[in-house]
Each structure stands twice: as structure tokens, then as C-alpha cells.
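Remarks on the structure that follows.
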Amino acid sequence: MADDLTPAEAEKEFWKSLKESNTGMLGLDRPGYHHQPMTGFGEGDLGAIWFFSRNDTDFARDVAAGGQGGGVDGMFCYQAKDQKVQACFHGVLSVDHDRSRIDKYWNPVVAAWYPDGKDDPHLTLIRFDAETGRVWVSDKGALGFGYEVLKANLTKSAPDVGGVADVSL
């Protein structure tokens, strides 16, 4: 991708990448709040990402307590395994007990945290409605990145390692 990455291209690359590599850092958007690794299941058409959590964690309790007025400010930061896509989004976190989404995204890894399965009393589904963010995309790969760095040093110019775009989901 060149520096002229459009918001639509950036958004498309993010949702595609999230399907292949779906773990990032999620947390409340508050000073002093530490984000934690979470696996998300995204639906680009809604601009939403769902995360399984237990209701006995600080994170789930904080989301539930702040959600009386429709949610609490959150942030999701992401880097694909192949490092071709990085992103950071602001949005709204809320507790969502949508059984159809629980069924849709349930898998053996998720099940490991819930001994009573989908009816476990601690099962909580957190919804993140992404609003605004920034997405970086580079399709150069390690060799291309190395070439761009070498070229920049030789020509005293900036490397072309990809594009960045602000998006509103």
C-alpha cells in the first residue's frame, strides 16, 4: 500500500485481518487503566467486535458498572500476526448477552474458560462498537521493509513502508 491509503481501504484491510488474527489489547479508555489481551470476533458491517469474558473479572465488572447509560468508553489496539495491519480504535464497550452471537462464536478455546458451557453463570459477552480509529497497512513484508530502510539511508529520504488512514466505523 502506498501513502495514499483511503479510509475505505484501511477499514477493509482491518476487518479482513481481524478474521485471520483476532487478538488485540482491549480496555476502558481511562487514565491509568491497563488493557488486556482479548480475542475478538468482528462484524465489519456493524462496526462491532464481540469478546467473551467472565463476569467475575475486573474488566467485565467495570464494563457492566459503566454501562447503565449505554456503555463505557473503550479502546482496542490491534496488530496482525503478520504485522501487515496495525490499528487502534476508540469506541463504546457494553455487556451484550446476545445468545445468537454466543452460539456463532463459541469454540473449544472459548469453552475452556466456562465449565458449564454456554449456560455458565459467569459467561459474559462484551460488545465493542468501534467509532473512530487509525489503521496502518503495509504489504511490503520483511524483505520489502528492509529494502525501504536501506534505500532511505542511501538516498537520505523517508522509507515507503505503507499507508495510514483515519477511519470512522
Side-chain angles (χ1 to χ4, degrees), residues 1-53 59-60 62-64 66-98 100-102 104-105 107 109-110 124-149 151-152 157-169:
M1 291 270 152
D3 288 327
D4 59 350
L5 181 69
T6 69
E9 291 168 333
E11 184 179 339
K12 180 181 176 185
E13 290 296 323
F14 168 72
W15 291 114
K16 176 182 160 193
S17 183
L18 187 66
K19 285 182 181 177
E20 298 166 4
S21 170
N22 61 345
T23 300
M25 299 295 286
L26 180 68
L28 275 58
D29 191 3
R30 293 184 183 160
Y33 195 90
H34 297 286
H35 290 60
Q36 58 192 0
M38 299 283 284
T39 299
F41 303 92
E43 295 181 22
D45 57 328
L46 297 177
I49 307 169
W50 280 265
F51 301 87
F52 287 93
S53 184
F59 174 69
D62 290 344
V63 171
Q68 273 67 8
V72 61
D73 290 340
M75 182 181 285
F76 179 61
C77 295
Y78 171 81
Q79 178 169 302
K81 286 181 188 176
D82 63 10
Q83 299 184 8
K84 289 183 179 180
V85 176
Q86 291 88 24
C88 187
F89 292 100
H90 293 273
V92 177
L93 291 162
S94 58
V95 173
D96 185 337
H97 294 289
D98 183 339
S100 67
R101 292 235 163 51
I102 291 170
K104 181 177 182 177
Y105 297 121
N107 64 60
V109 176
V110 171
T124 300
L125 194 60
I126 304 288
R127 178 178 175 151
F128 177 68
D129 288 297
E131 295 175 345
T132 61
R134 183 167 283 176
V135 178
W136 293 261
V137 178
S138 174
D139 59 1
K140 303 237 180 226
L143 191 58
F145 177 80
Y147 169 77
E148 288 294 333
V149 170
K151 182 176 84 170
S157 62
D160 175 10
V161 294
V164 60
D166 291 331
V167 297
S168 295
L169 302 180

Only distances under 3.5 Å count here; give the side-chain donor-acceptor pairs of residues 37-45 to other protein atoms, sequence neighbours excluded, each with its distance to 0.1 Å.
unit_1 : atom_1 : unit_2 : atom_2 : d
T39    : OG1    : T23    : OG1    : 3.0
E43    : OE1    : R101   : NE     : 3.3
E43    : OE1    : R101   : NH2    : 2.9
E43    : OE2    : R101   : NE     : 2.6
E43    : OE2    : Y105   : OH     : 2.6

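Under the side chain to side chain donor-acceptor pair (under 3.5 Å) criterion, D129 pairs with R127, sequence neighbours left out. In this structure, S168 has no side chain to side chain donor-acceptor pair (under 3.5 Å) partners at least two apart in sequence or on a different chain. Remark: H90 pairs with D29 by the side chain to side chain donor-acceptor pair (under 3.5 Å) rule, at least two apart or across chains. With sequence neighbours excluded, the residues that form a ring-ring contact (aromatic ring centres under 6.0 Å, His included) with F89 are F14. By the side chain to side chain donor-acceptor pair (under 3.5 Å) test, D166 pairs with R134, sequence neighbours left out. Applying the side-chain contact (heavy atoms from CB on, under 4.5 Å) criterion to A10, with sequence neighbours excluded, gives L5, V135, A165, V167.
Going from atom CG of D62 over to atom CZ of F59 covers 8.5 Å, rounded to the nearest 0.5 Å. To the nearest 0.5 angstrom, Q79 atom CD is 13.0 Å from K84 atom NZ. Here CG of L26 is found 7.0 Å from CZ of F128. Values are rounded to the nearest 0.5 Å. The structure places CH2 of W136 at 14.0 Å from OH of Y78, a figure rounded to the nearest 0.5 Å. Distance CZ/F76 to NE2/H35: 10.0 Å, rounded to 0.5 Å. Atom CG of L28 sits about 6.0 Å away from atom CG of L93, to the nearest 0.5 Å.
For S21 (side chain) and K81 (main-chain N/O), a donor-acceptor pair under 3.5 Å exists by modelled atom type. Not one N or O on the side chain of Q83 forms a donor-acceptor pair closer than 3.5 Å with the backbone of A80.
By the 6.0 Å contact criterion, NE2 on H34 is open, its count of non-hydrogen atoms from other residues, nucleotides or ligands being 12 or less.
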(message) Would F51 and T124 count as a side-chain contact (heavy atoms from CB on, under 4.5 Å) here? Give the steps.
(response) CA-CA 8 Å; F51 301 87; T124 300; over 6 Å; no

(request) Determine, stepwise, if the pair D96 / S94 fulfils side chain to side chain donor-acceptor pair (under 3.5 Å). (result) CA-CA 6 Å; D96 185 337; S94 58; 5.8 Å; no

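Contact between V92 and G71 at its shortest, heavy atoms only, is CG1-CA, 3.6 Å.
Applying the side-chain contact (heavy atoms from CB on, under 4.5 Å) test between V95 and each of V72, L125, V63 identifies V63 as the sole match.
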